**Q** 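My structure is below; once you've seen it, I'll send some questions.
Numbering of residues begins at 1 and proceeds along the displayed sequence. Note that these values count all heavy atoms, side chains included, but never hydrogens, waters or copies made by symmetry. Bear in mind the structure is a predicted one, so any value in this text is a computation, not a measurement.
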Amino acid sequence: QVQLVESGGGLVQTGGSLRLSCAASGRTFSGYTMGWFRQAPGKEREFVAAITWSVGIAIYADSVKGRFTISRDNTKNSVYLQMNSLKPEDTAVYYCAAVYRRVGTTPIEYDYWGQGTQVTVSS
């Protein structure tokens with residue numbers, strides 16, 4: 001019933017940009033924190049960024065701070081991740097996630113997940 005769907009992934013060269021989108025359906029996510037995580041081959045899933053739905057407070061992993069920007073559109077019940085100055089180490093499957101009110105930085109803290117979208121950055 002509740003569904004998060006990511007889109008916008010693709011193949012880009014080092015230094016390029018992509019914008020990921022996450023559309024929520026089945027319920028409104030007012031009051032929920034929306035987050036982005038990523039998982040590279042052979043690696044554990046790691047935190048990327050999160051934003052509160054009603055207040056708009058955003059936090060970022062140190063590895064993406066200054067390059068990535070998370071944003072939201074409450075009217076569309078969506079969250080976005082603008083990724084600039086992409087590096088090969090950004091290559092991963094990117095997942096959208098949601099949790100009520102709290103701002104978590106670990107996967108276990110989140111209740112709802114999308115299916116993921118592949119981002120590949122070539123050298």
**Q** Under the rule for side chain to side chain contact (heavy atoms under 4.5 Å, CB included), what residues qualify as partners of Thr14, not counting sequence neighbours?
**A** Pro88, Val121
**Q** Of all heavy-atom pairs between Phe47 and Thr105, which one has the smallest distance, and what is that distance?
**A**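 Of all heavy-atom pairs spanning Phe47 and Thr105, the closest is CB-O, 3.2 Å.
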**Q** CG of Asn77 to OG of Ser25: how many Å apart, nearest 0.5 Å?
**A**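 Answer for the CG-OG pair, Asn77 versus Ser25, is 8.5 Å.
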**Q** Does any pair with a residue in residues 85-97 pass salt bridge (Lys or Arg N to Asp or Glu O under 4.0 Å), and if so which ones, sequence neighbours excluded?
**A**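 Residue pairs with at least one partner in residues 85-97: Arg38-Asp90, Arg67-Asp90.
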**Q** Got a sec, which residues hit salt bridge (Lys or Arg N to Asp or Glu O under 4.0 Å) with Lys65, two or more places apart in sequence or on another chain?
**A**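 If we apply the salt bridge (Lys or Arg N to Asp or Glu O under 4.0 Å) test to Lys65, skipping adjacent residues, the hits are Asp62.
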**Q** Of the non-hydrogen atoms in Ser17 and Ser85, which two are nearest, and what is the gap between them?
**A**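 Smallest heavy-atom distance, with atoms named: OG-N, 4.3 Å.
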**Q** Can you list every pair that meets salt bridge (Lys or Arg N to Asp or Glu O under 4.0 Å) and has a residue in residues 2-26, with sequence neighbours left out?
**A** none
**Q** Minimum heavy-atom separation for Ala49 and Leu81, please, with both atom names.
**A** CB-CD1, 4.3 Å
**Q** Could you report the tightest heavy-atom contact between Ser122 and Leu11, atom names first, then the distance?
**A** CB-CD1, 4.4 Å
**Q** Suppose the criterion is disulfide (SG to SG under 2.5 Å): which pairs have a residue in residues 3-116, not counting sequence neighbours?
**A** Cys22-Cys96
**Q** Look at the side-chain heavy atoms of Ile, Leu, Val, Met, Phe, Trp and Tyr, link any pair under 4.5 Å apart, and say whether Val64 and Tyr80 land in one connected group.
**A** no
**Q** List in chain and number order the residues that pass side-chain hydrogen bond (donor to acceptor under 3.5 Å, both in side chains) with Thr120, two or more places apart in sequence or in another chain; answer none if no residue qualifies.
**A** Gln118
**Q** Are Phe68 and Leu20 connected into the same hydrophobic cluster when the rule is that any two of I, L, V, M, F, W, Y join if their side-chain heavy atoms are below 4.5 Å apart?
**A** yes
**Q** With sequence neighbours left out, which residue pairs that include part of residues 87-123 fulfil the ring pair (Phe, Tyr, Trp, His ring centres under 6.0 Å) condition?
**A** Phe29-Tyr112, Tyr32-Tyr100, Phe37-Tyr110, Phe37-Trp113
**Q** Applying side-chain hydrogen bond (donor to acceptor under 3.5 Å, both in side chains), name anything that partners Thr69, two or more places apart in sequence or on another chain.
**A**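 side-chain hydrogen bond (donor to acceptor under 3.5 Å, both in side chains) list for Thr69, sorted by chain: empty.
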**Q** Using side chain to side chain contact (heavy atoms under 4.5 Å, CB included) as the criterion, list what pairs up with Ala23, not counting sequence neighbours.
**A**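 Counting only residues at least two positions away or on another chain, Ala23 forms a side chain to side chain contact (heavy atoms under 4.5 Å, CB included) with Ser78.
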**Q** Can you hop from Leu18 to Val79 via hydrophobic side chains spaced under 4.5 Å?
**A** yes
**Q** For Val103, enumerate each residue passing the side chain to side chain contact (heavy atoms under 4.5 Å, CB included) test, keeping only those at least two apart in sequence or located in another chain.
**A**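 Checked Val103 against side chain to side chain contact (heavy atoms under 4.5 Å, CB included); matches are Thr33, Ala50, Thr52, Ile59.
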**Q** Do Val93 and Ile70 belong together in a cluster built from hydrophobic side chains that touch within less than 4.5 Å?
**A** no
**Q** Keeping to residues at least two apart or across chains, list the salt bridge (Lys or Arg N to Asp or Glu O under 4.0 Å) pairs with something in residues 99-123.
**A**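 For residues 99-123: Arg102-Glu109.
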**Q** Examine Met34 and Tyr60 and state if one hydrophobic cluster contains both, with Ile, Leu, Val, Met, Phe, Trp and Tyr joined whenever side-chain heavy atoms are less than 4.5 Å apart.
**A**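 Same hydrophobic cluster.
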